[in-house]
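Just follow the structure's listing: the first ligand is 1, and inside any ligand the first atom is 1. Nothing fancy with the numbering, it's 1 onward along the sequence.
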Amino acid sequence: MRVAVISDIHGNLHALESVLSALEPHSPEEIWCLGDLVGYGPRPNECVALVAQQTSICLVGNHDLGVLGRIDLAEFSPDAEAGARWTRSVLSPENRVILESLPSSAETPHGAAQLFHASPRDPVWEYVLSAQAARDALEATSAPLVLVGHSHVPLAIRPKGRGVAGGIAPGGFEVELEGRWLLNPGSVGQPRDGDPRAAVLLLDLERRFAKFHRVAYPIERTQRELREHGLPEPLALRLEHGM
Ligand code: ZN
């Protein structure tokens, strides 16, 4: 089965639409989303509706839960809190119901992959960015493939001896999925690895192959929408730097 994995869309509709268009020639049989459909970005309703329509697995993330009132916004940075409060004020009742229905972790039917928004031991908050956190995530799971989002940094990490090998996976990076792997597709709507293009991961579960892709999108359109809604200026500026 060919699968596209997306994560951390954060209400950035132009990034999401560009990724979905770029996926068309690859014709993935399924799209999986690792959460944070909203928060930060200016088009939350369109993003929730589109992701719900397009994905066969979709997780909830910490920003989604913050918008729903199920996480205290005092735990967010000031700009993230401002984004979550604004999103809460515009989220439609239908989209609230969709977000309320999502789990923070999932497993594929035949155990090929385990999916978490953040990490296995804390599916909502823990960032898997250190070698120790990656090792712990692999030890807490059993599926050959473990997928996490949340950090907005694309990663390809495998166990090696008592530690791990691998690290940041730039656009174009390819992985032969021998043994076990921990992969983070990176973020569609707010990349933080210095590449401002939207991130998406393509998996071929039969051929045991993965490829990280980056997709250019009209960043200035999302920036304009952020400014029109009076959202914090750093949220607009960071998009052009991919940080
Ligand atoms: Zn996020």
Side-chain angles (χ1 to χ4, degrees), residues 5-16 19 31-48 50-52 55 57-73 75-88 91 95 98-99 102-106 115-120 122-129 133 137 147-155 168-169 182-201 212 214-215 217 219 222 226 231-232 234-239 241-243:
V5 187
I6 59 174
S7 191
D8 296 278
I9 293 106
H10 286 295
N12 188 337
L13 181 65
H14 302 298
L16 177 61
V19 164
I31 301 176
W32 301 344
C33 174
L34 304 179
D36 275 0
L37 287 66
V38 302
Y40 295 124
R43 303 288 291 274
N45 284 307
E46 294 90 339
C47 287
V48 173
L50 193 51
V51 170
T55 57
I57 299 175
C58 185
L59 305 182
V60 72
N62 55 308
H63 285 260
D64 305 317
L65 293 169
V67 168
L68 293 174
R70 286 160 57 185
I71 285 183
D72 187 352
L73 294 181
E75 297 191 53
F76 283 45
S77 70
D79 288 347
E81 180 184 350
R85 286 196 190 285
W86 177 82
T87 303
R88 190 184 283 174
L91 190 71
N95 287 329
I98 291 173
L99 290 180
L102 303 177
S104 58
S105 63
L115 290 68
F116 306 89
H117 174 64
S119 83
D122 180 352
V124 171
W125 266 117
E126 187 194 16
Y127 291 93
V128 179
L129 282 169
L147 300 170
V148 298
H150 186 50
S151 72
H152 300 203
V153 175
L155 296 174
I168 291 180
L182 174 80
L183 304 179
N184 184 326
S187 169
V188 170
Q190 195 196 77
R192 294 181 193 162
D193 63 341
D195 182 345
R197 296 175 297 169
V200 56
L201 173 66
F212 291 81
R214 298 306 276 264
V215 181
Y217 75 94
I219 292 171
T222 297
L226 282 162
L231 287 156
L235 297 181
L237 289 176
R238 67 187 302 173
L239 293 179
H241 301 293
M243 291 305 285

Show, in sequence, the C-alpha distance, side-chain angles and deciding distance for V200 and V215, and conclude whether the side-chain contact (heavy atoms from CB on, under 4.5 Å) test is met. CA-CA 8 Å; V200 56; V215 181; 4.2 Å; yes
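- S187 places a side-chain N or O within 3.5 Å of a backbone atom of D8 that can act as its donor or acceptor partner.
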Walk me through whether C47 and N12 qualify under side-chain contact (heavy atoms from CB on, under 4.5 Å). CA-CA 7 Å; C47 287; N12 188 337; 5.6 Å; no
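- With respect to the salt-bridge test (charged N to carboxylate O, under 4.0 angstrom), the residues R214 and D193 qualify.
- Only protein N, O or S atoms were scored, and 4 of them lie under 2.8 Å from the Zn ion (ligand 1).
- Centroid-to-centroid, the aromatic rings of F116 and H150 stay 6.0 Å apart or farther.
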Run L91 and L99 through side-chain contact (heavy atoms from CB on, under 4.5 Å) and show every step you take. CA-CA 10 Å; L91 190 71; L99 290 180; 4.0 Å; yes
